[in-house]
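Throughout, residue positions are numbered sequentially from 1 according to the sequence presented. Side-chain atoms are counted along with the backbone in the values below, which use heavy atoms only and exclude waters and symmetry mates.
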Amino acid sequence: SGKPSSPLHQHSCLEFGPVNSHVVLRTRPEYVPMVTTTPFRDQVVTLQAISSQEDDPNLTLLCPVRVPRIYLERSQHFRLSSQLFVCYGGQQKGKAVSKQRISHWLVDAIRTAYQARGLPCPLGVRTHSTRGIAALAALANGASLTDIYRAAGWATPNTLARFYNLRMEPVSARVLNASSGLV
C-alpha cells in the first residue's frame, strides 16, 4: 500500500524516547502561528512518561507518552493521513480530522469531566476558553510567563493580561518597590 511500516515514521512531529520514557513534540514544518512574528515557531516540547510505579495505577491510563503511542498503533491500519488526529469512522475514516471536529471533541471532554465529578458544566464553554484556563492554571502553578506565552504562540506576555483580564504589575513597579524596601 506504500505506507511506512511504522506509524511513528508518519509523524515527524512526534519522537518517542527509549523504553517509552518520554515523547518529543515538534510543530509541523508547514505550521504558521497566528502571530507570525513569534520567535517560537519551531517550538519543541518534551513530555515525560508517568511511571507505572505511581501510587494511583489509573494515572498510567493518561500517560502523555503511552496514550499517543497506543493511538498511533491502533489507527495505523486505517490511517490515510500523516496528520496526527484522524477520523475513526464513517466515510471520512482515516482522513485528517478538521479543526472544528477537534474543537467539538475538546468541549465534549470538558463536559464529560464535569459530569464525572458531579459538577455543573459552566455555560458557554468553548474550545478557545481552554487556552485561557490552561494559561491561568499554568501561571497559578508556577510556570513562567515566558513559558506560557511560548506554549500559546503569543508574541508577548501582554496577551494573557489583555485577553484574560489580569491585573499584572509591571516589572518596573516591582523593581521600584523592592528598591524602596531596602532603604
- Item | Working for side chain to side chain contact (heavy atoms under 4.5 Å, CB included), residues L14 and L84 | CA-CA 9 Å; L14 288 174; L84 178 59; 3.7 Å; yes
- R66 and L61: CA distance, side-chain angles, deciding distance, side chain to side chain contact (heavy atoms under 4.5 Å, CB included) verdict: CA-CA 8 Å; R66 181 181 179 272; L61 297 175; 4.0 Å; yes
Look up atom [atom1] in [X] and atom [atom2] in [Y], then write down how far apart they are to the nearest 0.5 Å.
| X | Y | atom1 | atom2 | answer |
| --- | --- | --- | --- | --- |
| F85 | S98 | CZ | OG | 12.5 Å |
| R79 | L72 | CZ | CG | 5.5 Å |
| L47 | L25 | CG | CG | 5.0 Å |

- Task: For S21 and G17, indicate whether the former's side chain and the latter's backbone hold a donor-acceptor pair under 3.5 Å.
- Result: no
- Item | Sidechain-backbone polar pair: Q83 side chain, V97 backbone, donor-acceptor under 3.5 Å |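 Yes, the answer is positive, given that a donor and an acceptor are paired below the 3.5 Å cut-off.
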- Message: Checking N20 against R69 for the side-chain hydrogen bond (donor to acceptor under 3.5 Å, both in side chains) test, could you report, in this order, the C-alpha distance in whole Å, the side-chain angles of both residues, the deciding distance, and whether it holds?
- Response: CA-CA 9 Å; N20 294 325; R69 181 176 283 287; 2.5 Å; yes
Can you name the nearest heavy-atom pair linking [X] to [Y], along with the distance?
| X | Y | result |
| --- | --- | --- |
| P64 | V23 | O-CG1, 3.6 Å |
| A135 | I148 | O-CD1, 3.6 Å |
| A96 | C87 | O-SG, 4.2 Å |

- Item | Non-hydrogen side-chain atoms of L145 and L139 separated by less than 4.5 Å | yes
- Message: Tell me every residue that passes side-chain hydrogen bond (donor to acceptor under 3.5 Å, both in side chains) with S144, counting only those two or more places apart in sequence or in another chain.
- Response: D147
Can you give me every donor-acceptor pair (side chain of residues 102-123, partner residue at least two apart or in another chain, under 3.5 Å) with its distance?
| unit_1 | atom_1 | unit_2 | atom_2 | d |
| --- | --- | --- | --- | --- |
| S103 | OG | T127 | OG1 | 2.4 |
| T112 | OG1 | D108 | O | 2.8 |

